[in-house]
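To start, the structure under review is shown below, and the notes come after it.
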Amino acid sequence: MTDTDFSRLLISRAGGVVTVTIDNPPVNVLDVPLMSEICRFLIAVRDDADARVLVFQSADPEFFIAHVDMTLIDEPQAFDEFILEAPEGLNPFQAFGELLREQPQVTIVKLAGFARGGGAEFVAAADMVFAADGQAGLAQCEALMGITPGGGATQYLADRMTRGRALEAILGADLVDAATAERYGWINRALPAAELDDFVERLARNIAALPDGVIAAAKKAIPATDLRQGFVREHNAWAGLFERPAAEKLIRGGLRAGAQTKDGERALEDLMRGLAV
C-alpha cells in the first residue's frame, strides 16, 4: 500500500511527520469509506519506522469530521466487516477509536473547525489535540438524536475531565468552543487560529526528531487507560437507546431538515433541538 492508495485521505511526509488530510466533502461525514480508509492507513503505518508522528487535519477548514453518517440507519449491514474485525468486547466505533489510541506513533489532531459525535470521539482518542480559538468546536450531540455516544466518548471524556463536565458535554450536547474545551481538559490547547499551523508543525517536527526509543518509552511510561469494562457499559447503553423509536424518528428528521449539508451542520444543535420539541 502506498500513500496514494486513498481517495479520502491526502498523505504527505516530511522528517518523520506524516500529515493526514481528511477530504470527504461536503462536511467530512464519517461514513464507511472514510472509516475504512483511516483504519487501513493506521494499520499500514503501524510498523513504519519512518513515521514517528501522525498529524490529522481537514481539507475543509469548517469541518474536521462532522459525525457518523446518519444515513447508515438504513444500512446496518454496512458494518458487518468492521464487526468481524473488531476486538472482542468492542463495537465497530469503539474499535475505530481504540485503533487510533493504540498507535505506536504520537498522534496529533489539528482542529480548525467542527467535530461532533463520532468525529469528536476520534479527536478524543488522539494523544494530543490543538484547536483554533474562535473557530474550532466539539460536540457530543448524540443525545439530540435520542441516543448516547457509542464510540468511546463516555469513557474518553470521563478519562480527560471530571464526571460532571463529561455529563455536561454528553447531556448538554452543545457545541463547545476551543477555549472551554481546553479548560475542561478535552483538548491540550486553544491557540490563535493564525498560530495553529506553525505550532503543530514545530511540535510534530521536534517530537519526530527525538532520539530513537524516546517516543516508545514515553508512551510506555504513560500508557493509555484500560477502558474495556467501560466500553461494554457504553455499548449496552447506546444499543438499548438506538432500538427505541425516538432515535429513528430524530435521525430521519435531522436528515430531512438538512443534517450532513454545510448549512445544516452549521447549526446542527438548534436543528436537532427543534425536532425534539
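None of these values were measured; they are calculated from a predicted model. Side-chain atoms are counted along with the backbone in the values below, which use heavy atoms only and exclude waters and symmetry mates.
- Comment: D48 engages R13 in a salt bridge, judged by a side-chain N to carboxylate O separation of less than 4.0 angstrom.
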Derivation and outcome, side chain to side chain contact (heavy atoms under 4.5 Å, CB included), residues H67 and E142: CA-CA 9 Å; H67 44 70; E142 291 89 346; over 6 Å; no
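- A salt bridge links D127 and K219; the closest N-O separation between the charged side-chain nitrogens and carboxylate oxygens is under 4.0 Å.
- With contacts defined as side-chain heavy-atom distances shorter than 4.5 Å, the pair V27/F114 does not qualify.
- Remark: K249 NZ is loosely packed, at most 12 non-hydrogen atoms of other residues, nucleotides or ligands lying under 6.0 Å away.
- The number of heavy atoms from other shown groups lying within 6.0 Å of CD (Q229) does not exceed 12.
- Remark: R189 is not positioned above the aromatic ring of F130, lacking an NZ or CZ atom under 6.0 angstrom from the ring centre and at most 45 degrees off the axis.
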Derivation and outcome, salt bridge (charged side-chain N to carboxylate O under 4.0 Å, His left out), residues D174 and R116: CA-CA 10 Å; D174 286 329; R116 294 182 172 101; over 6 Å; no
CA sep, side-chain torsions, deciding dist, call: V129, I108, side chain to side chain contact (heavy atoms under 4.5 Å, CB included): CA-CA 6 Å; V129 185; I108 299 175; over 6 Å; no
Q105 and V45: CA distance, side-chain angles, deciding distance, side chain to side chain contact (heavy atoms under 4.5 Å, CB included) verdict: CA-CA 9 Å; Q105 294 89 0; V45 80; 4.1 Å; yes
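- Relative ring orientation between F122 and F64 is described as tilted, the plane-to-plane angle lying within the 30° to 60° band.
- Within 6.0 Å of CG on L84 lie more than 12 heavy atoms contributed by other residues, nucleotides or ligands.
- Counting only residues at least two apart or on different chains, the salt bridge (charged side-chain N to carboxylate O under 4.0 Å, His left out) pairs with a member in residues 65-85 are D74-R252.
- The pair D270-R273 does not meet the salt-bridge criterion, since no charged nitrogen lies less than 4.0 angstrom from a carboxylate oxygen.
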Derivation of the side chain to side chain contact (heavy atoms under 4.5 Å, CB included) call for V123 and L138: CA-CA 9 Å; V123 170; L138 288 158; 4.0 Å; yes
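- When the shell of 6.0 Å around CZ of R244 is examined, it contains 12 or fewer heavy atoms from other residues, nucleotides or ligands.
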Run the side-chain donor-acceptor check on residues 90-101: report pairs under 3.5 Å with partners two or more places apart or on a different chain.
| from | atom 1 | to | atom 2 | distance (Å) |
| --- | --- | --- | --- | --- |
| N91 | OD1 | F93 | N | 2.9 |
| N91 | OD1 | Q94 | N | 2.8 |
| N91 | ND2 | G150 | O | 2.9 |
| N91 | ND2 | H235 | ND1 | 3.0 |
| Q94 | OE1 | N91 | N | 3.0 |
| Q94 | NE2 | F231 | O | 2.9 |
| Q94 | NE2 | E234 | OE1 | 2.9 |
| E98 | OE1 | R101 | NH2 | 3.0 |
| E98 | OE2 | R101 | NE | 2.7 |
| E98 | OE2 | R101 | NH2 | 3.3 |
| E98 | OE2 | Y156 | OH | 2.8 |
| R101 | NH1 | T225 | O | 3.1 |
| R101 | NH2 | T225 | O | 2.8 |

R52/D212 under salt bridge (charged side-chain N to carboxylate O under 4.0 Å, His left out): CA gap, chis, key distance, verdict: CA-CA 10 Å; R52 310 189 77 183; D212 288 347; 3.5 Å; yes
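- Counting heavy atoms from C-beta on, the side chains of L34 and L9 come closer than 4.5 Å.
- One finds no salt bridge joining R202 and D197 here, because no Lys/Arg side-chain nitrogen approaches an Asp/Glu carboxylate oxygen to under 4.0 Å.
- Side-chain contact of E37 with S7: a donor-acceptor pair under 3.5 Å is present, judged by distance alone.
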Pair N28-D23, side-chain hydrogen bond (donor to acceptor under 3.5 Å, both in side chains): steps then yes or no: CA-CA 6 Å; N28 282 349; D23 188 14; over 6 Å; no
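- Residue K220 comes nearest to P223 through the heavy atom pair O-CD, 3.6 Å, listed as atom of the first residue, atom of the second, then distance.
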